[in-house]
Structure formats: structure tokens, C-alpha cells
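Below is one structure, written out as C-alpha cells; comments come after it.
Remember, it's a predicted structure, so these values are computed and weren't measured experimentally. Residue numbers begin at 1 in each chain, while the letters A, B, ... track the order of the sequences.
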Amino acid sequence: MTDQQQADLLHDEVEAGTTTGLASPSVDVTKERQNSLWSDAWGHLKRNPLFWIGAVLGLVFLLMAIVPQVFARGADPRACNLSNSQQKPSAEHWFGFDQQGCDYLANVVYGARNSLIIGLLAVLVILVLGLLVGAVTGFYGGLLDSLLSRLTDIFYAVPFILGAIVVLRSGFLGRGVAAVAVALAIFGWMTAMRLVRSQVIAVKSSDYVAAARAMGASNGRILIRHILPNAVAPVLVYTTITIGVLIAAEATLTYLGVGLQRPAISWGLQISAGQSLLRTSPHLVLFPSIILTLTVMAFIMMGDALRDALDPRQRA
Amino acid sequence: MGRYVARRLLLTIPVLLGASFLIFAMVYALPGDPIRALGGDRPLSPAVVAQLREEFNLNDPLVVQYVKYLGDLIQGDLGTDFRGREVLDTISQRLPVTIKLTVVAILIETVIGIVAGVLAGIRRNGFLDNLVLVSSTIVVSVPILVLAFVGQYVLGLQFGWFPVSGINEGWYSYLLPGLVLAAGSLAYVARLTRTSVAENMRADYVRTARAKGLPRRTVILRHTLRNSLIPVVTFIGADIGTLMGGAIVTESVFNLPGVGRAIFDSVRAQEGAVVVGIVTLLVFFFVFFNLVVDVLYAVLDPRIRYD
């Protein structure tokens, strides 16, 4: 059979596959060994443009958070001159000036640090809480599971932003970066807990767990070495997407006036200050909004691509 | 079925109690003395402060305050704010705004989301499919806050198609805020429908329907869609509660006098009774719609039986 004929056959098969569902695109079985989930996923990820867009954007914003000086084009965000108030963007000052006459590019760039720190810190707390509660409830079951699951239901019933507003206004955490991160985590850990719990329950009665137990492995060792690794893939996807969601939530809380406060530099504060000037100086809302959106998008795109790569059932 | 519903109803009681206590406790922990703040520039006399503290039960321990509050709640009395206004009045005045906003948002997400999802799902990997996939990824990534301002600036200020704030133009004033509120869910509905339709298009019963010569339209509308919509309908049901609770930002940006804005104003003014009242109400809606969805599952999908 010539290459052309083979290609035609493959083409026919694919065509038939979309209409009848009988034949699916043939799989290359000549490969030497079966790939593991992770190398298989990486192979998939490599060819996903969404992943690369997200990864490059994420890297840029990470650098922006670490060394903002490089991106600010030599301007100091706090060196302001009132005579420049609300100037439009120019070749010299790409993002123009804000109401106080501060270089806006520098301000927007320096805002990345707080957003990323809060996103990463909050997701860390969520992971710790989610893994701990999820693993314990799923593994031990019984009364403890019932109690903690009902507790989860209670937190789950309070709308996320609303809960965070009340926590921050109550002030027992203060109003700094850590406070905002913890407030977001307090009402954000339940999904991670349910994810871990369901994975633990799904595999805890499998044969290899029984085998490990028969060989005398302790509960802790079974949980950490044999059960929790199963939850890594879904938790990784969830974590990546959640960082994006948390960054958006931080900006929202700060915009509403319960998050970070001046003199902190934050996109939420910039959008909030620009709101009343929307008619005359739309660039004050526009630029922080664009950068905020791109940051959130970077993490959600990476998470989406990861999910496609790690879940073989979703592949066409 | 009846027993299942009854059991679920019973299970929601501790959730409601716990959630309202959670909010109550945190509001109670608010710093500052709300009674003193009431006096403004002129400090109130100690006797008046003492009387007001007594009246609002501010001297009791937290749990006692909460139990007293619950006792009133059961009698339909949600308490008054510090200016003597009934919380129930505030809610009944503000709630219609939030309900209208939610109705508009749900309609938008249902109609546009399902149509886009079906168009994408029946021809997988086609142009429309990729368009829906890419645009839904983008829409999901744009924070509501940003979307609200973009909508307000472009569609409201630049083009002048929609009112920028307030509710002076009837249902029409809810269209843009509704669209903003619905956007995220809209993208999710489109994706859910797409996946579900694409899966069902390959199912045996669809092939059978086709093989017996039914027109494509009938196959898609009567066979594929009906089965594909089960997860979509349940998502939309649960989303009603989420949207009502998530309307704070939308109501703030577009200046709609709904319960979301009321919560926000009351948190700032340390009006504990108002916050607890409204949040409990929103939690109730959230739990209620989730319950409805669970029951709906059993009705829509006969393979699921609850006993």
C-alpha cells in the first residue's frame, strides 16, 4: 500500500468516526512502551497553544512581581508630580498618569506583586486545608467524616465574596496582604476538600491498598504513599485555575473597599480610584483591568490545558 | 421520593443554622462600637448608650445574642437596624431588584448558552465549535469587575445603547448588568451543552433515530437535546442561588439598589442585623435551589432513583 493510499484510508476512518462513532482515529501501537500518565500528558500539553500562551503570560507576570523595576521603564510609582495629573498615554509614558500625577505604567507594574502573592498564599492555605480535611474525612470516615462534611456544607452555603467581605470587615485578621489571602482561603477551601475526599474514597478500598495494609504499612504511609498521589492530577488542575480566580477575587474585594488599603499598590485600588474618572480618563480603569485580566487568563488557560492533558476521557 | 425530599430538607436545617451563626459571630466581632458611631459628632449620654445596648442585646454573650435573634426570626421578626427600621422592610424593598437582575441573567445564560453549545456540539471541531471554545475561555477569564466596567464604558458611555446606572428605565436598565452577571455562567453553560451534545451525538439511540430516517432537525431537537440538557438544567438551577449571592459587584458598579448593595452598605455601617438577615436569606436561596436541583435530577433522569 502506498503512503497515499494509507493516508486516504486513515482519512476515511476519521470521517466515518465522526458520523458513526464506530471507528475512532487509529492509535499508533508501534510505540515501544506504554507512556505514563505524566509523560503522556506532557506530550499533549506541548502541542496545546493555549498552554504556551498561558505559560508565557504567567512567566511575564511572575517576573513583573519579582523585578518590577525592569518593566517600569525607569519610573518610580511613588514619585508623583501633580502637574502631570490625568495625562493621557504618550510615547514617553505608555500608560499616562493617574490623578496624583504618578506614572501609571510603574503603578500598574508594581501592582502585580501583591496580586500574585495573595493568589499564591491563598491557594497554599486552601491546599493545606483541603488536603488535610479531605484526606482525614475520606480515609477515616465515620462520625468525624459526617461532622466535617456538614461543616464543609455550612461554609459552602455562604457565597464566597460575601464571606470574605464579612471576615475582612470584622478586622480580626487586619487588612494586609496575608489577611486578604486568609479571608479568601477561609471560604475557598471546600472544593479542594471535596476533590481530595472523593479521590481518597474512590481508591481506599482498592486491592493495592489492601496489599499495602497486609504488608504492615501504617495508615499514614498508606495515605501519603499510596492514596494521595491519585489526587495529584485533579488537584493540580484545580490549583492552577484557582490561582486565577483568587487574583480576580482580591481585585474585587479591594475594589469594594474591604481588601488592601492605600498606600499599598493594587489593581483593585487603581480601578476603584479610576471609576469616578471613567468619562474623562478611561485609561485609568482600562490599563489595570487589562493587566488583571491577562494575569487571570494566564492561570485559567494553563489550568484548562492541564485538564485536557490529564483527563484522557475528554480527548476526542 | 417524598422521603428523600424530607430527609434533604431536614439536612438543610443545620446548614442554615451553622451558616447564619458563622456570619452572626463574625459580624459580632466587628471592631468599634456601633452605638457610639450612631451619635456622630455629638457623643451620646452614657444613659442613652446603656439603654440602646440593652435594647439591641449588645451586652449579652455571643451565643445568647444569637439564640435571642433566632427566637425573633422564627416569629418573622428579623429585628431592626440602629435607626429603628425593620430589616424585613429593607429586604422586601431591595429583593425585587436583585430578583429581576437574576431573572435577566438566567434568561440570557440559558438562551445564548444553550444555542451556542448546541451549534458547537453538533459539529465538533468545526468553526463554530472552536469559536465557542476560544470565546468561552476568554469570557471565563475576565473578572466580573472588569467586564462590568468595559460594558459600562463601551456599551453605556461610548455607544449609549444602555443606561449606565440606576433602574429608571424598567427592565431595560437590567439588560446590561444582567449580561455582565451572566457572562461567566453563560460560557460554562455553552461548554457543558457542547460536551453533552457532542457525547450524545455518538450515542446508539441517535444513530437509530437517524437510521429510521428521521430528519436531522428532529433527531437533534427531540432526541439529542432532550437528553443532553439534564446536566445543563441542573447547573442553571444551582446557578440561581449563586447569582443572587454574587450580585454585589454588579449592583455596586451599576448602582442598582438590590440586596447585594444593601449588604455592602450595612457591612460598612456595622449594621449587624441587616447583614445577618440578608446573608441568611441568600444562604437560604442557595440551599433551596440546590435542593430543587437534586430533586430535579431524579425527575429528569429516570435512571436515578432515590430511596
Verify the neighbour count for atom [atom1] of [X]: are there more than 12 heavy atoms of other residues, nucleotides or ligands below 6.0 Å?
{"X": "A:F51", "atom1": "CZ", "answer": "yes"}
{"X": "A:R150", "atom1": "CZ", "answer": "yes"}
{"X": "B:F288", "atom1": "CZ", "answer": "no"}

Minimum heavy-atom distance between [X] and [Y], given as atom pair plus value:
{"X": "A:V158", "Y": "B:A19", "result": "CG2-CB, 4.0 Å"}
{"X": "A:A251", "Y": "B:L145", "result": "O-CD2, 3.9 Å"}
{"X": "B:F286", "Y": "A:Y156", "result": "CE2-O, 3.5 Å"}
{"X": "B:V283", "Y": "A:A157", "result": "CG2-O, 3.3 Å"}

Checking [X] against chain A: side chain, backbone, both or neither under 4.5 Å from a heavy atom?
{"X": "B:V253", "answer": "both"}
{"X": "B:V287", "answer": "side chain"}
{"X": "B:I144", "answer": "neither"}

Among [options], which has the most heavy-atom pairs under 4.5 Å with chain B?
{"options": "A:L292, A:V245, A:T293", "value": "A:T293"}
{"options": "A:I247, A:I290, A:I161, A:D304", "value": "A:D304"}
{"options": "A:P288, A:G244, A:P282", "value": "A:P282"}
{"options": "A:T295, A:L294, A:V258, A:L256", "value": "A:L256"}

Handout entry: Test item: A:S289 and B:V150 side chains (from C-beta on) under 4.5 Å apart, heavy atoms
Key =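 Contact flag for A:S289/B:V150 side chains = no.
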Problem - Side chains of A:V285 and B:Y153 in contact at under 4.5 Å (non-hydrogen atoms) - result: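 A side-chain contact is absent here, since even the closest heavy-atom pair is not under 4.5 Å.
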Exercise for the section: Check the pair A:L162 / B:I263 against side-chain contact (heavy atoms from CB on, under 4.5 Å), numbers first and verdict last. Expected result: CA-CA 9 Å; A:L162 201 57; B:I263 291 173; 3.5 Å; yes
Problem - Pick from B:A203, B:P14, B:P143 with the largest number of heavy-atom pairs that fall under 4.5 Å of chain A - result: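 Highest number of heavy-atom pairs under 4.5 Å: B:P143.
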Quick check on [X] against chain B: is it the side chain, the backbone, both or neither that has a heavy atom closer than 4.5 Å?
{"X": "A:V167", "answer": "both"}
{"X": "A:I154", "answer": "both"}
{"X": "A:F160", "answer": "neither"}
{"X": "A:D153", "answer": "both"}

To the nearest 0.5 Å, how far apart are [atom1] in [X] and [atom2] in [Y]?
{"X": "A:Q275", "Y": "B:Q152", "atom1": "CD", "atom2": "CD", "answer": "7.0 Å"}
{"X": "B:I138", "Y": "A:M301", "atom1": "CD1", "atom2": "CE", "answer": "6.0 Å"}
{"X": "B:S252", "Y": "A:Y255", "atom1": "OG", "atom2": "OH", "answer": "6.0 Å"}

